[in-house]
Amino acid sequence: MNQKVRHILDTIASMFPDAHCELHHSNPFELTIAVLLSAQCTDETVNKVTASLFQKYKCPEDYLAVPLEELQQDIRRIGLYRNKANNIQKLCQLLLDKHGGEIPRSHEQLTELPGVGRKTANVVVSNAFGVPAIAVDTHVERVAKRLGLAGPDDSVLEVEKKLMKKVPRDEWTLTHHRLIFFGRYHCKAQNPQCEVCPLLDICREGKRRMKTGGSRKSKP
DNA sequence: CTCCCGATAT
DNA sequence: ATATCAGGAG
């Protein structure tokens, strides 16, 4: 394996040794609902909503037993709530019709579920079923491009392929979580901590930022 | 590509 | 006021 890649993996491993899934859940069904809800929304907000949501709705039948408008109101604070409520009910009906009420284990079956795309399916198979995968979300995409693990104009699918090629398969899931923690808490979208970043010397984006302006809100 | 969308940080 | 948040579907 490439030495720069090894250096990156070791560094983020020492920064975030206990990176994990931050969406609260207690089974594959809850995880799938939580990830579906997490689109364009923070994990923190999702957890606030699912705390009560998962007490009220425990199985597909529960989500189908209420009017769509009621489910919409129950997840309103998440945002994109009309699409998401609709997808949840369709997903639950499909689980009952074709999968015995259970979340399917295969990536292909998962992406056939309404509201479940490639990224969500990757999160579910890796976190719930132990299948190695690298889900490319907004954080993974940003970090991979800043560090040069992917090209600046690569699609999320291209980013995923390049990461899978560069990272050993048995490290995919852990690396995925560490890249997210690194992106969420250190290499942030708005105020990246380049000044104290142990990867600054191998980061083009970081060095570019340190030259041209650095910290954007400094004094005269 | 556009739309969906409220909560939070900056 | 604007940017961003564990995206997906049409």
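Residue numbers start from 1 in every chain, and the chains themselves are labelled A, B, ... in the order their sequence lines are given, proteins ahead of strands.
Sorted by first and then second residue, the salt bridge (Lys or Arg N to Asp or Glu O under 4.0 Å) pairs involving residues 116-134 of chain A (not counting sequence neighbours) are A:R118-A:E160.
We find that CG of A:L36 is positioned 13 Å from P of B:dC5, with the value rounded to whole Å. The separation between A:Q72 atom CD and B:dC4 atom P is 13 Å, rounded to whole Å. Atom CG in A:D43 sits roughly 18 Å away from atom P in C:dT4 (whole-Å rounding). Rounded to a whole Å, the CD1 atom of A:I180 is 15 Å from the C1' atom of C:dT4. Regarding A:L37, its CG atom lies at a distance of 19 Å from the P atom of B:dC4, rounded to whole Å. For the pair A:L91 CG and C:dG7 P, the interatomic distance rounds to 18 Å; values are reported in whole Å. In this structure, CG of A:D137 is placed 15 Å from P of C:dT4, rounded to the nearest angstrom. If you take CD1 of A:I134 and P of C:dG7, they are 16 Å apart, rounded to a whole angstrom.
Using a 4.0 Å heavy-atom criterion, one finds that A:V116 contacts the sugar-phosphate atoms exclusively. Among the protein residues, A:L23 comes within range of the nucleic acid bases, having at least one heavy atom under 4.0 Å from a base atom.
The residues A:D43 and A:R184 are annotated as salt-bridged, a charged nitrogen and a carboxylate oxygen being separated by less than 4.0 angstrom. Salt-bridge formation is not detected for the pair A:E158/A:K162: no Lys NZ or Arg NE/NH1/NH2 atom is positioned less than 4.0 Å from an Asp or Glu carboxylate oxygen. A salt bridge links A:D74 with A:K56: at least one charged nitrogen is closer than 4.0 Å to a carboxylate oxygen.
In the region residues 164-179 of chain A, proximity to DNA chain C at under 4.0 angstrom, judged on heavy atoms, holds for A:H176, A:H177. For residues 139-153 of chain A, proximity to DNA chain B is found at no residue, defined as any non-hydrogen atom under 4.0 angstrom from a strand atom.
Residues A:L96 make up the rest of the hydrophobic cluster containing A:L64, defined by ILVMFWY side-chain heavy atoms closer than 4.5 Å, directly or through other members.
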Might you work through the side-chain contact (heavy atoms from CB on, under 4.5 Å) test for A:L37 and A:I88, ending with a clear yes or no? CA-CA 9 Å; A:L37 290 173; A:I88 287 173; 4.0 Å; yes

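Ring pair A:H139/A:F181: centre-to-centre distance not below 6.0 Å.
Nearer the 5' end of DNA chain C, as judged by each residue's closest nucleotide, is the contact made by A:K119, out of A:L113 and A:K119. A residue-by-residue look at A:K84 and A:K188 shows that A:K84 has its nearest nucleotide of DNA chain B further toward the 5' end. DNA chain C is contacted by both A:T111 and A:H20; A:H20 maps to the nucleotide lying nearer its 5′ end (nearest heavy atom per residue).
Across the P atoms, B:dA7 and C:dG8 are found 22 Å apart, a figure rounded to whole Å. Nucleotides C:dA6 and B:dC3 are separated by 24 Å at their P atoms, to the nearest Å.
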Scan nucleotides 6-9 of chain B against the protein and return all N/O pairs shorter than 3.5 Å with their distances rounded to 0.1 Å.
from  : atom 1 : to    : atom 2 : distance (Å)
B:dT8 : OP1    : A:K48 : NZ     : 3.0

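Checked by atom type, the side-chain pair A:Q3/A:R6 shows no donor-acceptor distance below 3.5 Å. Between A:S26 and A:E30, the side chains place a donor N or O and an acceptor N or O closer than 3.5 Å (distance only, hydrogens not considered).
Contact annotation: the side chain of A:H186 approaches that of A:C197 to within less than 4.5 Å [non-hydrogen atoms, C-beta and beyond].
Applying the side-chain hydrogen bond (donor to acceptor under 3.5 Å, both in side chains) test to A:N127 and every residue at least two apart in sequence or in another chain returns A:H177.
Residue A:T120 places none of its side-chain N or O atoms closer than 4.0 Å to OP1 or OP2 of C:dA6.
The aromatic rings of A:Y57 and A:Y63 lie parallel to each other, their planes meeting at an angle below 30°, with 60° marking the opposite boundary.
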